[in-house]
Amino acid sequence: MIGKKIAEELNKQVNREFYSAYFYLSMSAYSDFLGLKGFANWFIQKNKEETQHAMKIYKYILDQGAQMKLLPVEQPPSMFDSPLAMFENTLIHEQTVTQQFNELVDLAAAKKDHATHIFSGLSPNRSRKKPP
Ligand SMILES: [Fe+2]
């Protein structure tokens with residue numbers, strides 16, 4: 001069983017992962033609109049990856065006997081200045097989410113929540129050496 005604060009933060013991370021999925025889906029749609037089918041496909045793959053991240057944490061929360069509380073997913077931007085801007089936004093977004101995840105790992109360590117610390121340390125968010 002995980003603590004209430006950790007559960008809350010994990011719930012927020014699920015939301016951030018779903019937002020990431022939505023963010024990349026929006027970029028995929030915009031790429032498709034521009035006729036950039038390869039970019040559209042790449043962002044669809046990112047969408048799937050982020051959905052998997054969300055579901056992994058979702059399952060962990062439930063496996064720990066904590067309450068899953070789905071939060072509203074923010075609307076992502078639907079237009080971008082250029083294809084380059086989409087990738088620049090991707091880099092900034094990945095750096096932000098990685099920082100948020102690192103803070104979650106730090107919180108788990110501070111709370112001596114070893115299960116969450118190990119779980120989050122093995123997360124794809126943490127194992128990535130460089131953002132895409
Ligand atoms: Fe992620």
Side-chain angles (χ1 to χ4, degrees):
M1 184 73 175
I2 56 179
K4 187 176 177 185
K5 178 66 176 168
I6 292 284
E8 282 177 13
E9 293 304 316
L10 286 167
N11 270 279
K12 289 179 189 173
Q13 190 62 32
V14 169
N15 181 264
R16 289 191 283 262
E17 301 292 348
F18 277 127
Y19 175 77
S20 296
Y22 228 37
F23 186 62
Y24 293 131
L25 186 61
S26 184
M27 289 185 182
S28 179
Y30 193 66
S31 296
D32 197 281
F33 173 75
L34 295 176
L36 302 170
K37 301 294 184 184
F39 285 9
N41 182 58
W42 191 82
F43 282 116
I44 283 288
Q45 299 312 310
K46 291 290 294 173
N47 165 269
K48 291 176 182 175
E49 179 185 308
E50 299 303 338
T51 301
Q52 288 173 349
H53 295 170
M55 293 309 296
K56 184 176 176 185
I57 302 167
Y58 168 93
K59 184 175 185 323
Y60 177 76
I61 292 168
L62 294 177
D63 286 349
Q64 291 297 316
Q67 185 176 7
M68 185 66 232
K69 183 179 177 185
L70 292 171
L71 303 168
V73 179
E74 183 183 340
Q75 180 180 5
S78 56
M79 293 184 67
F80 303 89
D81 292 340
S82 67
L84 176 60
M86 287 191 291
F87 287 96
E88 290 171 339
N89 284 333
T90 295
L91 175 60
I92 293 166
H93 180 73
E94 288 289 326
Q95 289 171 331
T96 301
V97 174
T98 297
Q99 178 59 36
Q100 291 164 331
F101 207 85
N102 287 340
E103 289 168 11
L104 179 58
V105 174
D106 291 345
L107 177 65
K111 296 274 188 187
K112 298 186 187 310
D113 180 342
H114 301 295
T116 300
H117 191 251
I118 292 167
F119 167 78
S120 55
L122 296 174
S123 166
N125 284 328
R126 296 268 300 168
S127 63
R128 195 179 301 133
K129 291 184 178 142
K130 289 183 179 178

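Worth knowing before you read on, the calculation uses all heavy atoms, side chains too, and leaves out hydrogens, waters and symmetry mates. Predicted, not measured: the structure shown is a model, and the values here were computed from it. Both ligands and their constituent atoms are indexed starting at 1 by order of listing.
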Kindly indicate whether the side chain of Gln13, heavy atoms from C-beta on, has any atom under 4.5 Å from the side chain of Val97.
yes

Atom of His53 closest to the Fe ion (ligand 1), considering N, O or S atoms
ND1

What N, O or S atom of Glu50 is found closest to the Fe ion (ligand 1)?
OE1

Residue of the set Tyr30, Phe23, Phe87 for which ring pair (Phe, Tyr, Trp, His ring centres under 6.0 Å) holds with Phe43
Phe87

Residues which pass side-chain hydrogen bond (donor to acceptor under 3.5 Å, both in side chains) with Ser20, listed by chain and number, not counting sequence neighbours:
His93

Among all residues two or more places apart in sequence or in another chain, which pass the side-chain hydrogen bond (donor to acceptor under 3.5 Å, both in side chains) test with Lys5?
Glu9

Report yes or no: does Glu17 have an N/O/S atom closer than 2.8 Å to the Fe ion (ligand 1)?
yes

